[in-house]
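One structure is given here, and the rest of the page talks about it.
Order of the sequence lines fixes the chain letters, A, B, ..., with proteins taken first and strands second; residue numbering starts at 1 for each chain. Just so it is clear, the model here is predicted, and its values are computed rather than measured.
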2 protein chains.
Amino acid sequence: MPKEAPRIAELDDRKVKILVAVIRNYLETGEPVGSRTISKYTDLKLSSATIRNEMSDLEEMGYIFQPHTSSGRIPTDKGYRFYVDNLMSEKEREIQEKEELIIEKADKLEEVLKQAAKLLAANTNYTALVSTPETHRNKLKFLQLSKVEKDSVLAVIVVEGNIIKNKMIHTEEEIDEDTILKLNLLLNTHLNGLSLEEINLGLITLLKERAGIHTEIVSSVIDAVADAIRADEDLEIYTSGATNIFKYPELTDSGKATDIINTFENKEELEKIVNTSLSENNAGRKEMQVYIGKEMSSPAMQDCSVVTATYELGDGMRGTIGIVGPKRMDYEKAMGTMKSLMNQLDEIYNKK
Amino acid sequence: MPKEAPRIAELDDRKVKILVAVIRNYLETGEPVGSRTISKYTDLKLSSATIRNEMSDLEEMGYIFQPHTSSGRIPTDKGYRFYVDNLMSEKEREIQEKEELIIEKADKLEEVLKQAAKLLAANTNYTALVSTPETHRNKLKFLQLSKVEKDSVLAVIVVEGNIIKNKMIHTEEEIDEDTILKLNLLLNTHLNGLSLEEINLGLITLLKERAGIHTEIVSSVIDAVADAIRADEDLEIYTSGATNIFKYPELTDSGKATDIINTFENKEELEKIVNTSLSENNAGRKEMQVYIGKEMSSPAMQDCSVVTATYELGDGMRGTIGIVGPKRMDYEKAMGTMKSLMNQLDEIYNKK
DNA sequence: ATTAGCACTCGACCGAGCTGAGTGCTAACG
DNA sequence: CGTTAGCACTCAGCTCGGTCGAGTGCTAAT
């Protein structure tokens, strides 16, 4: 959704310098920045009056604006966008080298992700957001039914990437060991190696026909298994450091913070962000996305920016990691820390 | 931790009536209540002056206090305690009948609990808190190792209550099917029916000795299984409606809300609450506990009250459900809704 | 024992006035 | 012609004093 960055040509060198000065300053202080400040802050030797003229131009072009008449300027979304797209290479690299996040290798992916979120939040002072990977393109690796009790059968399903699913299936009547054995064979020969999304309703009915034995139980067990396989809607999203947003006054006032935290509690909104990030990444091949203010659909987020990245675990499972902060967040730092984290995840899961 | 309720005798009838009036009024309005208000609000025909005298007494006894000189009174923790312990039977019953929460039966316990939290929060306008049950006293019902790949074995463990645990075990060298079969037999004969806490280190070493085959792999596999069994520290706590606390001005100011929400993010503090509730319930046989302000250890919670209850799923698994709100929360309603919810959980899991 | 009355306290609210940061415009300057 | 100095103007934020009203404590009368 981020529009193509405006051609640099639109702004002459001096305007760019002034714009950067405004933005940098605002990022630091969080307060509107005036012409006088800039005439000192920058190396270009110009009086405040001149700066004022230039700023007036910049305002007309939509890069900055005044919150009220005769106060300093602050960047617009367009201003930030320009900054993010064109003007932040050196500083970022610098930070990235310094950052040293250390993820402890944990047994469960879930734990690692939670930890990653925590680290990210702690290191940036923004809110971190991590989604579990989508698995529906993954291939079935192992499937087994076991009789646990007279009337219950446990289905264990392992897909590539060692994601394990369980389903306890209650049966009306007792089901004998022999049938289970046959079912195991049947299911394995037909489903093994298929990706989860390939296992659809058509295939299942076909399977039932071939089953040979046509009792109710068998059919219902197969249904249950199919259910479990398809139930990959368990996309979880963890957040950490939600209260960090209270550190930024412009988000604290008038219930904005409440709205934002509510959004964090509400999966659907988060999913949108995660998903656009995933698809964007898929198309664009950029490793990180930045969404600024209105570039996000969610109304509660209009005063925020989000930096997202897509992580990829060897077996093609992809998930999203995000940092949510105020629009005046330190993009360099956020992106630097993010990159550093991605590198680590890479090391853990892909180098092996 | 809640102290024994003061004997009613300490307060004569009239004082009780006045105290109740103060509390009820404050619960509704959230503002200090004065003598004049009460002289109207109650049926006892007394002038404000008399009320003032009585209130002065009540203040001396520690049931109410003035936020600043010459403003109305608000209840102290002691006041609330008295109210909760002695004075709220009729209204509660009434509400409880009206409440109709409907939990959809879901496959996974986890989902049901999350849903319960959501319902609770939505219905009360407070924050809900649900812990997954502890399982360490549960008995092992089913254990199975399966070879998934050359170098990995999957352990599936089912305990009473149909809690399923998985552990993927990577082995250095390939392990043959035969060994797995033997291991399955070994583990099952020795561990089946034991409660998780009975499976300790001693037992495991004993088991290894009896194993007969003494290769490294076997030993490491057994260790991994034991690990998985003991790893019941995955006590999860879900919260819902965290931002509801913003609805109560006395919690919103001066970063209190932030502290509270932070506490919600932080498991350890929550665990404390959950655990005291569990043990309290164990001892006292009361179905619900109320903790008011300083009765909780967590400093961030000193301005809150919590209503907790312990749910019990057939197989002896117990967890805690809580409602967190301001001290001036509507205890009747909270307890009523809670009770109603517990009844439903009971129906789902215990009536079968 | 209860009540009416009175003086007093104190937070909340409101408007006035001041200040300082910042602007836009104009005229002068190199 | 771009740049600058100067000036009038705007406006948010702060402080100050005054008023208001709710509420109390105390005393004297019932």
Side-chain angles (χ1 to χ4, degrees), chain A residues 11-19 21-26 28-76 79 249-250 252-254, chain B residues 11-19 21-26 28-76 79 249-250 252-254:
Chain A
L11 299 174
D12 62 44
D13 215 47
R14 199 169 69 179
K15 280 200 172 55
V16 170
K17 269 191 181 156
I18 291 174
L19 178 57
V22 172
I23 295 180
R24 287 259 164 83
N25 221 287
Y26 184 68
E28 273 175 39
T29 65
E31 271 168 25
V33 12
S35 54
R36 190 101 202 298
T37 318
I38 291 189
S39 85
K40 288 187 237 168
Y41 193 82
T42 50
D43 45 350
L44 56 171
K45 294 284 176 212
L46 291 174
S47 79
S48 60
T50 317
I51 308 276
R52 276 206 288 283
N53 290 329
E54 295 288 41
M55 279 167 78
S56 177
D57 291 354
L58 282 170
E59 180 158 16
E60 226 171 308
M61 297 189 229
Y63 291 98
I64 53 182
F65 78 102
Q66 306 177 276
H68 7 263
T69 350
S70 86
S71 84
R73 259 74 168 198
I74 67 181
T76 59
E250 70 266 43
T252 309
D253 313 335
S254 76
Chain B
L11 298 174
D12 61 43
D13 215 48
R14 198 168 70 178
K15 282 200 173 52
V16 171
K17 269 191 182 159
I18 292 175
L19 179 56
V22 172
I23 295 180
R24 287 259 164 83
N25 221 287
Y26 184 66
E28 273 176 37
T29 66
E31 272 169 21
V33 12
S35 53
R36 189 101 202 298
T37 318
I38 293 189
S39 84
K40 288 186 239 168
Y41 193 81
T42 50
D43 44 350
L44 54 174
K45 293 285 177 212
L46 291 173
S47 80
S48 60
T50 317
I51 308 273
R52 276 205 288 281
N53 291 329
E54 296 286 42
M55 278 167 77
S56 179
D57 291 355
L58 282 170
E59 178 158 17
E60 227 173 305
M61 297 190 228
Y63 289 98
I64 54 181
F65 79 103
Q66 305 178 276
H68 8 264
T69 350
S70 84
S71 83
R73 260 72 169 201
I74 67 180
T76 60
E250 71 268 42
T252 309
D253 313 333
S254 77

CG on L11(A) to CD on E54(A), rounded to 0.5 Å: 10.0 Å
Reported CZ-to-CZ distance for the pair R52(A) and R73(A), which is rounded to 0.5 angstrom: 9.5 Å
Hey, is the side chain of R52(A) poking within less than 4.0 Å of OP1 or OP2 on dA21(C), counting only N and O atoms? no
Protein-nucleotide distance ([X], atom [atom1]; [N], atom [atom2]), rounded to Å:
X      : N       : atom1 : atom2 : result
R36(B) : dA4(C)  : CZ    : P     : 11 Å
M55(B) : dT2(C)  : CE    : P     : 16 Å
I38(A) : dG22(C) : CD1   : P     : 10 Å

Any idea which heavy atoms bring [X] and [Y] closest together, and the distance?
X      : Y      : result
I23(B) : G79(B) : CD1-O, 3.5 Å
S39(A) : S48(A) : CB-N, 3.9 Å
I64(B) : M55(B) : CD1-O, 3.7 Å

If we ignore hydrogens and angles and just use 3.5 Å, is the side chain of S35(A) paired with the main-chain N or O of I51(A) as donor and acceptor? no
Students should find that the nucleotides of DNA chain D closing off the region near chain A, any atom under 4.0 angstrom from a heavy atom, are dT3(D) to dA12(D)
How sharply is the helix from dA1(C)-dT30(D) to dG30(C)-dC1(D) bent, taking the axes over five pairs at either end and rounding to 10 degrees? 20°
For E31(B), does the CD atom have more than 12 heavy-atom neighbours from other residues, nucleotides or ligands under 6.0 Å away? no
Side chain to side chain, I38(B) and V22(B), heavy atoms closer than 4.5 Å: yes
Could you check I74(B) against E250(B) for side-chain contact (heavy atoms from CB on, under 4.5 Å), going step by step and ending with a plain yes or no? CA-CA 12 Å; I74(B) 67 180; E250(B) 71 268 42; over 6 Å; no
Would you jot down, in residue-number order, the residues of residues 64-74 of chain B having a non-hydrogen atom under 4.0 Å from DNA chain D? Q66(B), S70(B), S71(B), G72(B), R73(B)
Which residue in the set D12(A), L44(A), L46(A) passes side chain to side chain contact (heavy atoms under 4.5 Å, CB included) when paired with K17(A)? L44(A)
